**Q** 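Supplied in structure tokens, the structure appears directly below.
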Protein chains: 2
Amino acid sequence: MNRRRGMTKGDRRERAIVETAKELLQSVPPGQITVDRLAAGAGISRSSFYFYFDSKSAVLDALLDEIAQEMEEAARGWLDGAGDDPAALRKALGVSARLWREHGSLLRPALLGEDEEFAGFRSRVVEGYIGQAAARIGRERAEGRAPEGPPQDGLARALVRMKFAVLAEDQSAQAIETCAVVITRAIYA
Amino acid sequence: MNRRRGMTKGDRRERAIVETAKELLQSVPPGQITVDRLAAGAGISRSSFYFYFDSKSAVLDALLDEIAQEMEEAARGWLDGAGDDPAALRKALGVSARLWREHGSLLRPALLGEDEEFAGFRSRVVEGYIGQAAARIGRERAEGRAPEGPPQDGLARALVRMKFAVLAEDQSAQAIETCAVVITRAIYA
DNA sequence: GGGAATAATCGACATAGCGTCGATTATTGT
DNA sequence: ACAATAATCGACGCTATGTCGATTATTCCC
């Protein structure tokens with residue numbers, strides 16, 4: 001899977017495959033994307049596809065990596081802060097909501113499902129999130145801004161999963177507000 | 001000697017297929033169960049399988065229906081109550097946890113995933129749950145036991161999804177406690 | 001207990017998707 | 001310009017799904 005450097009023909013094809021995937025995802029769920037269609041979209045035969053990627057999942061993984069980066073940046077605004085900061089929380093949730101709106105059909109199976117093919121992405125993103133959220137809660141408690149309660153990592157886990165599940169199905173301002181209130185009440189009682 | 005069963009041969013076979021599915025699920029994820037294995041387990045040929053069920057999914061649906069009933073009973077204890085009742089809440093969560101422990105490998109894709117094959121079961125169970133939880137919250141607020149906050153159905157949705165997501169991956173007493181605290185704080189602030 | 005109706009079974013087909021191989025053609029760096 | 005290697009393809013073999021038509025086993029009722 002290692003080809004030469006530079007903007008060679010192969011690089012363009014590889015890109016075309018990923019772009020095709022992105023487009024297909026606008027109208028078709030990930031499970032129904034086939035190697036056939038990806039190859040056709042990129043203008044090559046099905047068997048040629050395997051010159052570029054090991055499988056359909058590999059293509060989606062590439063796409064997910066791009067999204068994961070955005071998600072992490074989105075979260076940082078609140079995760080790195082301190083104290084009950086309603087504005088920062090809602091802003092971070094808003095960016096998250098936008099990502100779900102744009103990439104929902106891929107993110108849903110990847111983050112909510114349990115398909116083996118997304119296991120890598122899922123554990124990286126979800127666990128990363130949970131770890132940072134737990135740290136945030138820990139700081140608040142240590143400095144007396146939040147009361148004690150369930151273990152910080154369990155609580156973080158519950159809230160992160162809640163957030164994913166809610167935004168996955170509804171990205172409205174109302175949904176964001178609900179998430180924000182639950183998070184705030186759960187942490188600051 | 002065994003004619004005293006009201007069950008015809010076909011009924012027994014049908015049962016055998018469902019039982020085979022149940023057993024297979026103990027060691028294999030739902031996605032890897034094939035019609036072949038179900039048929040083999042029930043002692044018939046693959047094509048005979050289709051005399052009994054339309055597809056693998058139909059078998060799993062049958063299994064899910066049995067589980068759904070247990071879930072609903074489990075929840076009733078808390079959903080039908082009133083006031084902040086820590087014991088009832090924890091007891092209901094405990095039964096839920098047991099169901100996840102026993103049937104997790106089937107419940108996870110069915111309730112958390114978005115596979116089309118489980119869409120019916122999912123909407124029935126999840127929406128039923130949410131509706132009842134929303135009503136419960138509404139009653140608490142109406143009678144002044146809980147403060148206002150996000151719309152009751154949105155809040156119920158968030159909490160139900162949180163509960164599913166948490167128990168899906170961890171059925172420990174600790175996890176139950178965390179769920180209980182988040183739910184209590186979110187509703188009663 | 002016997003025989004028609006119907007329940008149950010199976011093998012052979014047809015279809016869709018995946019991934020691999022070996023042979024062939026196009027690109028590219030020097 | 002020409003060897004090295006990147007890129008392409010068709011033909012296979014595999015697994016799984018679902019359908020048909022023909023056949024055999026069970027039931028039910030007289």
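Note that the structure is a prediction, hence the values are computed from the model and not measured.
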**Q** Start at the 5' end of DNA chain D and walk down; is the nucleotide closest to A:Gly43 or to B:Lys56 reached first?
**A** A:Gly43
**Q** Starting at atom CD of B:Glu14, determine the distance to atom C1' of C:dA7, rounded to an integer number of angstrom.
**A** 13 Å
**Q** Measure from CG on A:Leu38 to C1' on C:dG17 and round the result to the nearest Å.
**A**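 So the CG-C1' distance, A:Leu38 to C:dG17, works out to 13 Å.
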**Q** If I take atom CZ in residue B:Phe53 and atom P in nucleotide D:dA16, what distance separates them, rounded to the nearest angstrom?
**A**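 Taking atom P of D:dA16 as the reference, CZ of B:Phe53 is at 20 Å.
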**Q** Nearest to the side chain of B:Ser48, heavy atoms from C-beta on, is which of D:dT8, C:dC18, C:dT9?
**A** C:dT9
**Q** Output the rounded distance in Å from CD1 (B:Ile33) to P (D:dT15).
**A** 19 Å
**Q** Are the side chain of B:Thr20 and the backbone of B:Ala16 linked by a donor-acceptor contact shorter than 3.5 Å?
**A** yes
**Q** Passes side chain to side chain contact (heavy atoms under 4.5 Å, CB included), B:Ile137 versus B:Arg141? Steps please.
**A** CA-CA 6 Å; B:Ile137 294 172; B:Arg141 288 181 176 175; 3.8 Å; yes
**Q** Output the single nucleotide from D:dT17, C:dG19, C:dT9 whose closest atom is nearest the side chain of A:Tyr50.
**A** C:dG19
**Q** Which nucleotide in the list C:dC18, D:dG18, D:dG10 gets nearest to the side chain of A:Ser47?
**A**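 That would be D:dG10.
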**Q** Identify which nucleotide among D:dT17, D:dA6, C:dC10 has an atom closest to any side-chain atom of B:Thr34, counting heavy atoms from C-beta outward.
**A**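 My answer, after comparing the listed nucleotides, is D:dT17.
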**Q** Would you mind reading off the distance between B:Asp11 atom CG and C:dA7 atom P, rounded to a whole angstrom?
**A** 11 Å
**Q** Can you check the B:Ile44 CD1 to C:dA7 C1' distance for me, whole Å?
**A** 13 Å
**Q** Is the closest side-chain heavy-atom distance between A:Val166 and B:Arg157 below 4.5 Å?
**A** no
**Q** Examine distances only and state if a side-chain atom of B:Asp115 and a backbone atom of B:Phe118 form a donor-acceptor pair shorter than 3.5 Å.
**A** no
**Q** In whole Å, I'd like the distance from the CZ atom of B:Phe49 to the P atom of C:dC10.
**A** 14 Å
**Q** Can you give one letter per nucleotide of nucleotides 25-30 of chain D, 5' to 3': B if a protein heavy atom sits under 4.0 Å from the base, S if only from the sugar-phosphate, - if neither?
**A** -SS---
**Q** Testing the 3.5 Å rule here: is there a donor-acceptor pair between the side chains of A:Tyr188 and A:Glu140?
**A** yes
**Q** Can A:Leu25 be reached from A:Leu64 by stepping across I, L, V, M, F, W or Y side chains whose heavy atoms are under 4.5 Å apart?
**A** yes
**Q** Can you tell which of C:dC18, C:dT9, D:dG10 lies closest to the side chain of A:Arg46?
**A** C:dC18
**Q** For C:dT9, take OP1 and OP2 only and decide whether either is under 4.0 Å from a side-chain N or O of B:Arg13.
**A** yes
**Q** Could you verify whether a donor N or O on one side chain and an acceptor N or O on the other, from A:Lys163 and A:Ser96, lie under 3.5 Å apart?
**A** yes
**Q** What integer distance in Å separates B:Asp36:CG from C:dC10:P?
**A**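 Rounded to the whole Å, the gap is 13 Å.
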